[in-house]
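For ligands, and for the atoms within them, numbers begin at 1 and follow the listed sequence.
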Amino acid sequence: MKLATNTTKLKSAKHILKNVFGFDQFRSTQQDIIDSVLQQRNTLAIMPTGGGKSLCYQIPAMVFDGLTIVISPLISLMQDQVRQLVELDIPAVMLNSALTTDVYQDNIASLKDGKIKLLFLAPETALQPAILSLLQSINVPFIAIDEAHCISEWGHEFRPEYRQLDRLVSCFPDAVTIALTATATPRVREDIKRQLNITNDSEYIASFDRPNLYLEVALKESAYAQTKAFIHKHEKQSGIVYCQSRSGVDELTAKLKQDGYSVLPYHAGLNSQKRATNQEQFVRDDADIIVATIAFGMGINKPDVRYVVHYDLPKNIESYYQQIGRAGRDGQDADCLLLFGYGDTGKIRFFIEQMNNEHEKRLATMHLNEMLALAETEDCRRVPLLQYFGEPDVSDTCVKCDNCLNDDKQKSDLTVPAQKFLSCVHRTGQRFGAGHIVDVLRGSNAEKVLQNQHNLLSTYDIGNELNKKQWMTLSRQLIQKKMLQQDEQFGGLKLTQLATDVLKGKVPFYAMLQQATPEKRQTASTSDVIGNIDLVARLKAERKKSADKANVPPYAIFSDRSLQEMAYYLPHSEQSMLQIHGVGSAKLLKYAELFLSIIIDFCVQHDLHEFANMQTASAQVKKEIAKSSSVGSKTKEVVEQFEKGRSVADLSRLLKVKDNTIYSHLYKYAQLGNKLVKPERLIEEAKLTQEQVQDGIAAFEEHGSERLKPVFEALGENIKYEQLHLLRAFYLH
Ligand code: ADP
Ligand code: ZN
């Protein structure tokens, strides 16, 4: 019986997803999370920014009878959610000091009348006796705690008021709770679960990979010119440029303004009024670019930020990830550029030196080194990024970073210097940091070297072929490739098993000590607009008008993707309009007539017709057309040669690239909707049996094709990753 009700509830959740939100499918973790909540299990949801946390509480809120309380730390976040929900005709309100007395009283009255489905509150408001007693007089089946990491003293945004939420929860013993966050270290997760009574089996952690973000690092040479060139590719799109200092923000804003860009500054030196208006103008597309310090971020939910530039080096991977995470929350392509200058490293090191606590100093240095390893790596940028989040095997083919797309870089054989370094670590007793090892290798007379008698070692003064900076770069690569392990507390380096293989000469060590010059780099294809560009522009102008009239940001009317699909499918009827991503019943009622008339006019003018199979176009097809469709010349060459019968191994030797790069070309080709003339070549190359192909395809059907790991596991780890790469390309045909 209980099972039956749950199935009904899940069905109703899916119905709401399509009819209210206009989306075809849940993202995989979303479904598990919603299912867990609907089964009345207190749940912890950890998903990256843009992962789709909001739906995880909004949909159950609509399935349950009664009022859902949503706890949120910031007024701007509440405001954003309420605006979007109201646009969807979902009754939602907030109670906070930003409201006029009239509106506040109206909201209280609607709550008492039972008209409201979602109420947004700061924790301190929720615990006010008057509010609490009002809430207790209403049926509250569900409590959602957003930004739940604020609950933990171990988190970086601890809010003491969050600590008292257990009191709120205990006032509603029958309500189910969900905690949601994008950032939670294991310690913070434990804290949240303990405070909110959540068991381990109702904790869901989505992958932190953000496959739609293109990651690029360029040596900082002429930062302004580089930034301008980059922004130029993204004309009229929303973007954020992060600078280290307030003065940096002011200078860059002034320059860009002078060059005619629509740009506003944001940093803690501006008064709160100014910050709020600048943010609002950005959110409403009245300004294209925000130049900001790290002060800009948490309060902003704009889903269509198309790029993030780091004008200066972030001090650790955590901040880098958080900041790039503000791009592409809507799942559409977005571009992230980091300008990497060694001068910035010096500045950060200087700040670290000023710290008093030795342990903190070491941790900060280690975090900086991780960031440097990401900036300097010649492998996929996602590897160090996701390693940081404890996702060690990023064996999937990345097609969204400069290194994976760029095969031209020259790596050199650094086996001998690597052996020298590792051997010096060994001879000095595996207790010292990289700086000291380099001193020994380069024959320094530093006091620490002499005191420890390291000048007597056989590895003393044998490393003058590299300068100090190059040795340091090499050491970071050795750490990143897990040949060395750094002691968290003391910073000393230790050898791992992998190091032994290099020392014994069993495994060579290839790396790059110099960044490739920016000219050589291929840049991301900017998020190509699908659909008729002129029509998209017209629809956008109309969206902005409607948004201003409704006093909401444009994205609350329609997402970019919705407009692009309209300009591609050219719907002529309400029925066809409902097939467009993001169009549900409320949007249809409010905007279909207006937007349909623009589309139909445009089609008449240009003799265009509705896309014939629009109503049957599958979600998969929509997804593919939502991606850019340009195939690089390298990809074409690989595909051509592959079809002629060359093996992956031959091709990687021929083109001097890794096997993975070949897989990634084949995948990208298929992913963009192109077809091999002989797709069976993929199966032949993978050496798979008929049965394995069938099982594999079923697994892709079930788990999706974006990540290989779930499929690998579903198949009992019986089909190798190399084979899965090929099978996936086949599956996409
Ligand atoms: P988060 O709060 O995790 O940062 P949001 O809840 O703001 O993410 O969602 C990010 C974007 O993804 C929003 O624009 C949202 O409409 C969209 N989205 C969420 N779930 C889905 C889905 N199942 N299908 C399509 N789009 C989705
Ligand atoms: Zn990559």
Side-chain angles (χ1 to χ4, degrees), residues 13-14 16-18 20-31 33-34 45-59 70 72 77 80-81 83-85 87-88 144 146-148 178 180-183 204 206 208-217 297-298 300-305 322 325-332 334 336 374 377-386 394-407 522 524 553-562 565 580-584 587 619 622-623 626 658 660-661 663-664 667-668 704:
K14 284 185 178 156
I16 294 169
L17 179 75
K18 178 70 193 153
V20 179
F21 292 90
F23 299 150
D24 292 327
Q25 283 165 325
F26 281 118
R27 294 177 182 156
S28 60
T29 330
Q30 269 175 341
Q31 171 144 347
I33 293 167
I34 291 174
I46 300 169
M47 277 187 169
T49 310
K53 284 185 285 300
S54 319
L55 283 192
C56 296
Y57 65 81
Q58 290 170 348
I59 290 191
V70 185
S72 172
L77 291 180
D80 187 67
Q81 294 290 338
R83 282 200 291 221
Q84 295 196 52
L85 289 168
E87 264 306 308
L88 291 165
D146 206 3
E147 311 289 350
I178 186 171
L180 308 117
T181 173
T183 53
Y204 296 88
F208 272 69
D209 189 17
R210 301 275 313 275
N212 60 322
L213 300 186
Y214 178 83
L215 309 180
E216 181 185 3
V217 180
M298 182 163 166
I300 146 143
N301 248 341
K302 188 171 166 58
D304 51 1
V305 173
Q322 233 183 41
R326 302 203 166 110
R329 291 173 81 139
D330 54 8
Q332 299 278 84
C336 307
L374 184 148
T377 186
E378 81 288 0
D379 287 330
C380 180
R381 307 265 178 216
R382 287 189 152 72
V383 172
L385 193 64
L386 294 176
V394 194
S395 28
D396 286 8
T397 316
C398 157
V399 286
K400 285 287 177 62
C401 84
D402 49 0
N403 287 340
C404 288
L405 284 190
N406 188 357
D407 308 323
Q522 281 175 313
Y555 62 77
I557 307 274
F558 283 127
S559 68
D560 285 0
R561 165 135 177 228
S562 303
E565 284 197 9
I580 299 286
H581 172 92
V583 182
K587 298 288 168 71
K622 284 191 191 173
K623 212 156 122 193
K658 290 171 293 188
N660 260 348
T661 310
Y663 294 131
S664 101
Y667 173 46
K668 189 177 162 204

Quick check on contacts: which atoms of ligand 1 are under 4.0 angstrom from a heavy atom of [X]?
{"X": "Arg329", "value": "1 (P), 2 (O), 4 (O), 10 (C), 11 (C), 12 (O)"}
{"X": "His581", "value": "25 (C), 26 (N)"}
{"X": "Pro303", "value": "14 (O)"}

Of all the heavy atoms in [X], does at least one lie under 4.0 Å from an atom in ligand 1?
{"X": "Gly51", "answer": "yes"}
{"X": "Gly50", "answer": "yes"}
{"X": "Gln25", "answer": "yes"}
{"X": "Thr49", "answer": "yes"}
{"X": "Pro48", "answer": "yes"}

Distance-only N or O hit between ligand 1 and Gly52, under 3.5 Å: yes
Heteroatom distance test (Asn301, ligand 1): nitrogen or oxygen, under 3.5 angstrom: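 No, no N or O pair falls under 3.5 Å.
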Side chain to side chain contact (heavy atoms under 4.5 Å, CB included) between Leu180 and Glu147, worked out: CA-CA 6 Å; Leu180 308 117; Glu147 311 289 350; over 6 Å; no
Nearest-neighbour protein heavy atom for atom 16 (O) of ligand 1, which is reported as residue plus atom name and distance: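 In this structure, atom 16 (O) of ligand 1 has Phe23 CZ, 3.3 Å as its nearest protein heavy atom.
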Derivation of the side-chain hydrogen bond (donor to acceptor under 3.5 Å, both in side chains) call for Gln25 and Gln31: CA-CA 9 Å; Gln25 283 165 325; Gln31 171 144 347; over 6 Å; no
Spatial distance of atom NZ (Lys400) from atom OG (Ser664) [nearest 0.5 Å]: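 Answer for the NZ-OG pair, Lys400 versus Ser664, is 12.0 Å.
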Candidate with minimal heavy-atom separation from atom 27 (C) of ligand 1, of Gln30, Arg326, Arg561, Arg27: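 Considering heavy atoms of Gln30, Arg326, Arg561, Arg27, the nearest to atom 27 (C) of ligand 1 sits in Arg27.
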Degrees at the Zn ion (ligand 2) between the SG atom of Cys380 and the SG atom of Cys404, nearest 10°: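 It rounds to 100°.
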Any donor-acceptor pair under 3.5 Å from Arg381 side chain to Asp402 backbone: no
Between Tyr555 and Asp80, a side-chain donor and acceptor under 3.5 Å: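 Asp80 and Tyr555 do have a side-chain donor-acceptor pair below 3.5 Å.
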Flag for Ser559-Ser562: side-chain donor and acceptor within less than 3.5 Å: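 A donor-acceptor contact under 3.5 Å links the two side chains.
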Proximity to ligand 1 by part of Ser54, non-hydrogen separation under 4.0 Å: both
Salt bridge check, [Y] against [X]: does any charged N sit closer than 4.0 Å to a carboxylate O?
{"X": "Lys53", "Y": "Asp146", "answer": "no"}
{"X": "Glu87", "Y": "Arg83", "answer": "no"}
{"X": "Asp330", "Y": "Arg561", "answer": "no"}

